[in-house]
Every structure is written in structure tokens, then in C-alpha cells.
4 protein chains.
Amino acid sequence: MPRTPSENERIRRATTEQILKTAMTLFCEKGYYSTSIDDVAKQAQISKGLLYHYFKGKEDLLAALVDLRINDVLVVMNAAVAKTTPSEQIQHIIEGALEDVSRQPEVFRFYLNLFTQPRLDPVVAKYSQKLMDEQARQFEIQTDMFVRLGVAEPRQRSLYFSSTLQGIMLMFSTYPNSFPLEKLKAQAIAEFCNNK
Amino acid sequence: MPRTPSENERIRRATTEQILKTAMTLFCEKGYYSTSIDDVAKQAQISKGLLYHYFKGKEDLLAALVDLRINDVLVVMNAAVAKTTPSEQIQHIIEGALEDVSRQPEVFRFYLNLFTQPRLDPVVAKYSQKLMDEQARQFEIQTDMFVRLGVAEPRQRSLYFSSTLQGIMLMFSTYPNSFPLEKLKAQAIAEFCNNK
Amino acid sequence: MPRTPSENERIRRATTEQILKTAMTLFCEKGYYSTSIDDVAKQAQISKGLLYHYFKGKEDLLAALVDLRINDVLVVMNAAVAKTTPSEQIQHIIEGALEDVSRQPEVFRFYLNLFTQPRLDPVVAKYSQKLMDEQARQFEIQTDMFVRLGVAEPRQRSLYFSSTLQGIMLMFSTYPNSFPLEKLKAQAIAEFCNNK
Amino acid sequence: MPRTPSENERIRRATTEQILKTAMTLFCEKGYYSTSIDDVAKQAQISKGLLYHYFKGKEDLLAALVDLRINDVLVVMNAAVAKTTPSEQIQHIIEGALEDVSRQPEVFRFYLNLFTQPRLDPVVAKYSQKLMDEQARQFEIQTDMFVRLGVAEPRQRSLYFSSTLQGIMLMFSTYPNSFPLEKLKAQAIAEFCNNK
DNA sequence: TATGAATGAGTGTTCATTCAT
DNA sequence: TATGAATGAACACTCATTCAT
């Protein structure tokens, strides 16, 4: 007897998630190019054919993961925007971002790696660009916060802020075991969350 | 009669440089994995066989480029150390690093990409690690400067400094056309080059 | 619906056999080094990729063939051991070995060629050694037969027997068209199958 | 000032010998296919270009070595023919052959390997054939000795003799450290050197 | 005689993707 | 939905040989 449609739907969801989780893990461990579709299918305990049933190809896996990432960033940003004072908003950005990276440094590292991919890489550049575009969008919102904070040159301040925050994330994800994340977080909050 | 040894030496040097330059360009444009040895040989206008006469393989090309990069970093660091006051030293690090990245943002981007490579990538991880080790070495020297500068928590300050500087370089190499590098440089110098 | 596992098993078996048969033929004709994987795939009417689906590489092909050969030798030896008198046992070794070589002289020739491969050949030596080890094992069993036959110096006699038998096989596989195998077989049986 | 012609001639001879010796050593160690021209030139301490000045190519090296081998065999055979009685002649063949193989088992092994090369190997078969032809020529001479010895079926006897002798050489060159060559030599002489 | 830079065809191998069932 | 057999283009690398000097 055939499965019910809802049962099918449940299976689809579970399998999709399983594949994505496996792909994320392997991409983080070995990188996109050094991970084969065979690796993913084997580790996800499904057949290669089935994987292609769920995703159009290797690139499609990457696309899905990038969308997930962008969504994560958006969640933090939206929560920040919901705060009342610009000071709280910026603080939330710092805390959200560092919370993210501290939970899964390799994941952040993977996206950062993708982000820094050469511009003409025939496969990967598209997703690198997508991440950059999204970051640019976030940047505009964040700059508004600095405007409302009343700093002298808000755009420049916002850039400096982004640089510091990205730099902390980069350093932490590089040396996750020895980097005093909390202390640097405090320092960043002290520096950026009030109009000096 | 054979060529004189010095003539051979000249040829070797020129061809080696030509190959490395081409490899650097292509790796920056398309990335290590998406650049084939054929691409490099063709663009360098030599035969594939000759490339293997000069380098043991694709990986050896990468190794040579990483060594060049490490040397570049060392040059800046040594010049910084040669300065008299810690304030000047730190300023030199900032200026040297940003000078580097502003001259060839794609090159920095490439090394940053390598730097953020997943830890288990079978080929590339080794060179990623090498860059990380070198950075750690630089960090110790730099921390001494902050000690001599007399700041409260020099190690933490040095980390925060590195984060900011790396962050600026990351952001600039991402948006080289719209990033006001000079202004941010000034801001960084103002923040880190004297004992507040 | 996927193929049933047993159907897959059938396909695997058939294709594996097809590949091995082709490889054996080509190796016998042109030798291991002068046969390319492309040759094997083409002649076996499969794609190169599929060959690698079944065998890890060219060397693995050779390994499989060597295992087959060792098995053939074991079959003869086991049948010999099963005979009651040592005289019959030795006769069975002679007949089994010469039967083998007369059926497929080129195959024997190929294994002999492998057997005589230089000891340091980076690829092939391993299999040469494997054949030698197996022969040494057979030799011990065979020597027991001469012990039971009651000859004066059984080990030496066993060696002389092996030498003669190997020599006949070598000569026959070299000149299969003009070598009077039956006559020499009779002569060997006459010489070795009873305690003179 | 130019070298004298005779000086040049001396150099030519010495270099030729040096190359051949090196090639023989390497072919014996690693086999013809696994030895590169580069290997030979490096080990012989000359440039690749010079090697091509002395030999037309890799195949030509093999050809020269095969000629040397054939000459060695001829020397033994001629000395055998010079003996007065057929019994002494056959004894000389045994002793000469076994002396050869015992002095340099790897060299014999190499030629045996060549001898057993598949018939269609595009490069090597020609030399394999040459060795076989030469052996056939020797065989005729040797058969005459058995005729003169007065055995019943001299041709068959001669074949059986060759088989035994080749077999001993094969076995010895395979296990040079544990094979009691002298004892087997005695046994062969006892068996073949008088009209039983 | 002598060198080693230079070539390019050929080889083993990988892998994303398709297809028959 | 699910399997894994099958494909073929692409890739890194080797090596006998040639050539300019």
C-alpha cells in the first residue's frame, strides 16, 4: 500500500534535512571541492541517486546552505532592529554574531571561506557574491543605527564597527581554543554601544 | 657546447618567476581548485612538461606562493621592529599591512581564503596551517609592542588590535572600490598607537 | 524502484568477470605496462569510469589476477595431496601443472614473467613476491611427498623435481607449437614418480 | 686545444660502458619499464643529452644489453664445442650456465624476464624474440652433442636437458640465498653427462 | 663532446551526473 | 521514493625525446 501524502512529505523533509546536515558537516571539514557527492550520500546513508532526487546537484547543496546562512544572519538582524535604542541594537548585533560564531566556529569559518572565494571561480563565486550582497544590505540597516546613535561620521563608524566585529569573528574561528571571546566582546560593546 | 651555468641559472630564474606570477594571477582569479595545471602552463606560455621541470606539482606551486606571502609579512614585521618607539612600531604594522592589501586586494583575498580553508582539506590545509602558525609568531612580537606601550592588558589589547586590523583588511579586500581605506587607517592609528 | 539486490549482484559478478577476462587477455598479449586502462575498458566494452567502480586501479586488476592464479595452483596441489600414495601425488602435480600450462601457455608465460620481475619494481614486485611465497609454501608440501616416497635426500630431490617441472613449463610456454609436451611429461613421471 | 682522435675514442668507449653498466644495474633492480632515461643518465653521471648522443634511445640500450647477453651465451657454447667428448661438452654447458647465473642471479633473472615477455609487447617483444631465436640456435648445437653421445632419442633428450638446466637457473635466480646450486649441478651432471 | 631546458603525447585516476529498474 | 550501475569529460602527472647553445 502506498504511503499517505503527509507521510511522504514527512520523509521528504527529514531526508532533505539529513542531506543538508551531512553536506554542511563535510564541507566544513574538508571544504566544498574536496567533498564528493559520493561522500555526502554515503555519510547521509542514502544512495547517490536519491540525493539527486532531492537536490539538482552539488551546487544546489551549496545554494541551500547559503540560504540557511543568510537566514541566520537575518534572524539576528531582525531581532536587533526590534530593540528600542540604537545602543541596544548594536549590542544585539555583537552578541548575536559572536554567539553564532562561538557555537560553531567551523561553520562560520566555512562561510567566511566561501565569502573570500575568488571572484571568477566558475562554481562558487555566485554564492560568494550572494553572501556579499546580503552583508551589504545588513550594512545599510546597521549604519542607520549609528545615525540614530548620533556619532559624527556614522557611515565610517559603521564600517569600522563591521571591520572590528568581522575581525573578531575571523580571529576566533581561526583560534577557537585560545581566543578570549567574552573579553573581546565586552571591549567591542564598550567601544561601540554608546556615543562617546 | 652547453649553455654556461650562469645562463642556465638566468633562464631558470626567469621561467620560475613567470610560472609563479601566472599561478598567482590564476589562483587569485579562479581559486586553487578551479585552476588547472594546463591553465597555468598555457597562460605562462610554456609546456605542461616544463612546468613540472620547475615545480614538483600543483601543490608545490601553492607552497612556493605561501612562502612568498610569509616573506612579505616578515618584511613588514621586521621593518616595524626596527622602529624605536612602540607607537611607531604599531603604526608601521598598520600602514604596512594596509599598504599591502590596498596594492593587491585580490592577492590578500586569496591568502585569506587559504587561511580560512577547512582544517581537513587533504591538500590545502597544510598551507593554511603554515599561514596560521606564522601569524601566531607575528602576534607574539606584536604583543611585546603593546607591553612596551604600557597598556593595561597587553595581550588582550594586541588581540583586539589584530582583530580590527584583520577585519579592515577583510572588508577592504571584499569591497575594494567603495571602502575608504585611508579614513579607517587613520581611525585605527588613532585608536591603537598611543597609550590612552 | 531499484533493482533487486540479487540482480545487482548478478550484474556485478558478470561485469567483474568480463573485466578480469579482458585484463588477463591484454596483459598476456602486451604485458602489464604496455596495456593501458583505456585498452582494458575499451576491449571490455565498458567506460573507464565503470572499471574504477569495480577495481581500485590498474594494480588492483593485477592483484585480482594473481589471486586467481594462486587459487589455480592450490586446486592442483590440494587434489594432489588427496591422492593416497606419494607416487600418485607427485604424478598428479606433474599432470596438473602441465595440463594448466598446455591449456593456456600465454597465461603461464605471463605469470612466469611476473614471477621473474625485478625485486624493486615499484608496482609489480609485490605480486611477484606473493607468487614466490606461495610457491615456497607448495614446495614444503611437495617435499613431504618425497620424504614419504623414501628417497635419499628428499629436500634436494624435491628441488630438482621442481626445477625440472618449472623448466619444462618454461620451455613449453616459450615454444608451445614445437614442444613435445606429452613425451617430456612421460619422461618426468618416469623419473620422479617412483623411488629408484 | 682539441682532444686527439684516440683520446676521443677512449672517452667514447669508457662512457658507453659506463652507460651500459648503469642501465643494466637499473633494469635489473627496477625493470625496463620502471627505469627512466633520467634515472640512467643521473646514475651514470652524465646529461640526458649525452646519453642520446651515445644511444638512439631507451630501446637501443636494451638492444645493446641483449647483444651482450647473447655474446655471453655464445662464449660458453663455443668453449663447450671446443671440448673433445660430448660428455665433456655437455658438462661444460652445465657448468658455464650455472657459473653465469650464480655470479649475477639478478642479471639472469632480468634476461629471463625479458625472455618471458608477452609476444606483442610493442617495445620489448623484439628482444624477447631475439633471445628465443638465439636459444633455438644453441639448441641445435646441443642436440648434436646428444646425438654423438648416442642416446636413444637425442632431440627429446636435449629438450629434457634444456628444461632441467633452465629450471635450475630459474629456481636459483629466484631463491639465490637458499638454493644448493652445487648439489643440483652435480645431480644434473650425473644425469646428463653419460649415456646411461 | 656535452648540457639541461623544453616539448607534448600518453597514462592513471576522479567525480558530477544520468539512467535503467 | 529509492538504488547503484554506468558514463565521459577533466585532471594531475610522467617521460622519451628534441633542441639551442
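Keep in mind the model is a prediction, meaning the values are calculated, not measured. Throughout, a chain's letter reflects where its sequence line sits, starting with A, and its residues are numbered from 1.
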Nucleotide E:dT18, atom C1' - distance to CD1 of A:Ile37 in whole Å = 13 Å
Between C:Tyr32 and the options C:Tyr111, C:Phe27, C:Phe110, C:Tyr127, the ring-ring contact (aromatic ring centres under 6.0 Å, His included) test singles out C:Phe27
Heavy-atom donor-acceptor pair, A:Lys58 side-chain to E:dT17 base, under 3.5 Å = no
Check whether the side chain of D:Lys48 and the base of F:dT17 form a donor-acceptor pair under 3.5 Å.
-> yes
Phosphate OP1/OP2 of F:dA5 contacted by C:His53 side-chain N/O (<4.0 Å) | yes
Residue-phosphate contact under 4.0 Å: B:Tyr52 side-chain N/O, F:dT14 OP1/OP2 | no
Value in whole Å for how far the P atom of F:dG8 lies from CG of C:Leu51 = 14 Å
Toward the 5' end of DNA chain E, which comes first, A:Asp38 or B:Thr15, by nearest nucleotide?
-> B:Thr15
Salt bridge B:Glu7-B:Arg10, side-chain N to carboxylate O under 4.0 Å = yes
Given atom OH of D:Tyr54 and atom C1' of F:dA16, what is their separation to the nearest angstrom?
-> 20 Å
Among F:dA16, E:dT14, F:dA5, the one nearest C:Ile11 by side-chain distance | F:dA5
To the side chain of C:Leu50, which of F:dG4, E:dA2, F:dT7 is closest?
-> F:dT7
Can you find a side chain N or O atom of C:Arg12 that sits less than 4.0 Å from OP1 or OP2 on F:dA5?
-> yes
Look at the side chain of C:Ser47 and decide which nucleotide, out of E:dA16, E:dA6, F:dG8, has an atom nearest to it.
-> F:dG8
Grab the CD1-C1' distance between D:Ile19 and F:dA16 for me, whole Å please.
-> 15 Å
May I ask you to say what A:Gly57 touches in the nucleic acid, namely base, sugar-phosphate or nothing, with a heavy-atom cut-off under 4.0 Å?
-> sugar-phosphate
Would you mind checking if A:Arg13 and A:Glu9 are paired as a salt bridge, meaning a charged N to carboxylate O distance below 4.0 Å?
-> yes
Between E:dG12 (C1') and C:Asp60 (CG): distance, integer Å = 13 Å
Whole angstrom is fine here: how far is it from CG in D:Asp39 over to P in F:dC15?
-> 8 Å
Write down the distance between NZ (A:Lys42) and P (E:dC15), rounded to a whole number of angstrom.
-> 11 Å
Ion pair B:Lys126/B:Asp121, N-O distance below 4.0 Å | no
Whole-Å distance separating the CD atom of A:Glu59 from the P atom of E:dT17 = 8 Å
Just call it for A:Ser34: base, sugar-phosphate, or nothing, with non-hydrogen atoms closer than 4.0 Å on any strand.
-> nothing
Axial cation check for A:Phe115 ring with A:Lys130, 6.0 Å and 45° limits | no
Which part of the nucleic acid does C:Thr16 contact within heavy-atom distance under 4.0 Å: base, sugar-phosphate only, or nothing?
-> nothing
Which residue, C:Tyr32 or C:Gly49, contacts DNA chain E at a nucleotide closer to its 5' end, judged by nearest heavy atom?
-> C:Tyr32
Counter-base of F:dA20, judged by Watson-Crick or G-U geometry with both distances under 3.5 Å = E:dT3
Residue C:Gln43 excluded, over 12 heavy atoms near CD under 6.0 Å = no
